[in-house]
Amino acid sequence: MKPLEVTEEACVPVESDIDIVTARMRGRAMAVQLGFPAAMATLVATAISELARNILLYAKRGEIVLSPIENGQSRGLRVAARDHGPGIPDVGRAVEDGFSTSGRLGLGLPGVRRLMDDFEVRSSLGEGTTVTVKKWNR
Amino acid sequence: MEVPILKQGAYLIATIQSALTDADIVHLRDALVEQVGRYRALGVIIDVTSLDVMDSFATGTLQDVAHMVRLRGAETVIVGIQPDVAFAMVHMGLTLEGVTTSLDLEEGLAYLSRSSKASRSR
């Protein structure tokens with residue numbers, strides 16, 4: 001299968017709540033461009049919305065990087081949410097259901113994990129956090 | 001982007017027309033809770049047909065609206081959750097528990113009219 005067109009990596013800076021909307025719209029558009037069905041594109045957009053909000057909430061600013069990925073016949077989309085904020089003291093707890101230090105629902109990271117296929121958090125205290133998630137179109 | 005709120009009889013109808021920022025959703029919450037009193041409304045309908053994503057913040061804030069409006073003596077119905085949005089919400093574990101939902105505006109109005117008749121005859 002030949003790719004129909006080249007989809008390029010996109011970087012969306014996240015500094016205010018309008019950027020959450022911009023990031024998830026760019027993500028949805030990329031998912032659609034990569035041939036994802038609409039329902040899967042909505043899963044991706046929802047995950048991006050959560051990740052971008054986490055950046056604002058915990059680090060004030062950061063970026064969402066959207067990249068097309070390939071693995072053999074499968075195409076997918078990678079979302080990396082990066083910030084140089086305080087870092088997550090206990091990554092294990094942050095991905096547990098019901099845990100939140102923001103006083104909100106606590107569904108953020110565990111919810112994102114359920115929406116996507118691959119999920120990875122790298123965080124070091126004082127340096128920042130990168131959450132990388134992938135969704136495969138299969 | 002501000003969400004227009006229409007007064008129709010004893011009901012307030014808020015129709016979301018595009019993607020909303022978190023600040024827009026909070027503004028909508030406060031406007032509805034205030035206007036229930038100003039217009040002595042018995043019911044509130046929030047039409048989310050055009051909302052692109054219902055994430056944890058949107059869901060939590062709409063749930064807050066429903067509970068706050070109930071404390072003010074009126075009822076809230078969320079209408080128009082699209083299939084893809086419902087799919088994503090279920091994956092996330094967002095259930096809108098304790099909040100009435102209807103298929104669309106028509107069903108939402110029918111629900112409110114049944115429910116306010118029932119409470120008047122009590």
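A, B, ... follow the sequence lines: proteins, then strands. Residue 1 opens every chain. None of these values were measured; they are calculated from a predicted model.
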J.: For His91(B), does its backbone N or O pair with a side-chain atom of Arg114(A) as donor and acceptor, under 3.5 Å?
T.: yes

J.: Using non-hydrogen atoms and a 4.5 Å limit, figure out which bit of Arg28(A) sits close to chain B: side chain, backbone, both or neither.
T.: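 Only the side chain of Arg28(A) comes within 4.5 Å of chain B.
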
J.: Please classify the contact of Met25(A) with chain B as side chain, backbone, both or neither, using a heavy-atom distance under 4.5 Å.
T.: side chain

J.: Within the distance-only criterion (no hydrogens, no angle test), does the side chain of Lys135(A) pair as donor or acceptor with the backbone N or O of Leu115(A) below 3.5 angstrom?
T.: yes

J.: Specify which of Ala39(A), Ala38(A), Ser16(A) makes the most heavy-atom pairs with chain B at under 4.5 Å.
T.: Ala39(A)

J.: Taking side-chain contact (heavy atoms from CB on, under 4.5 Å) as the test, write out the residues that go with Val26(B), two or more places apart.
T.: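 So Val26(B) forms a side-chain contact (heavy atoms from CB on, under 4.5 Å) with Arg29(B), Asp30(B), Phe57(B).
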
J.: Verify the cluster assignment for Val53(B) and Val32(A): are they in a single hydrophobic cluster under the rule of side-chain heavy atoms below 4.5 Å apart?
T.: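 Unlinked, Val53(B) and Val32(A) end up in two clusters.
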
J.: Which side-chain N or O atoms in residues 71-87 of chain B pair as donor and acceptor under 3.5 Å with protein atoms at least two apart or in another chain?
T.:
{"from": "Arg72(B)", "atom 1": "NE", "to": "Val33(B)", "atom 2": "O", "distance (Å)": "3.1"}
{"from": "Arg72(B)", "atom 1": "NH2", "to": "Val33(B)", "atom 2": "O", "distance (Å)": "3.2"}
{"from": "Glu75(B)", "atom 1": "OE1", "to": "Ser115(B)", "atom 2": "OG", "distance (Å)": "2.3"}
{"from": "Glu75(B)", "atom 1": "OE2", "to": "Tyr111(B)", "atom 2": "OH", "distance (Å)": "3.1"}
{"from": "Gln82(B)", "atom 1": "NE2", "to": "Gly80(B)", "atom 2": "O", "distance (Å)": "2.9"}

J.: Using heavy-atom distances under 4.5 Å, tell me whether Ile18(A) contacts chain B through its side chain, its backbone, both, or neither.
T.: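 Both backbone and side chain of Ile18(A) come within 4.5 Å of chain B.
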
J.: Non-hydrogen atoms of chain A under 4.5 Å away: do they reach the side chain of Met89(B), the backbone, both or neither?
T.: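 Neither part.
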
J.: Using a cut-off of under 4.5 Å on heavy-atom pairs, state which of Leu20(B), Asp24(B), Asp22(B) scores highest against chain A.
T.: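 Counting heavy-atom pairs under 4.5 Å, the top option is Asp22(B).
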
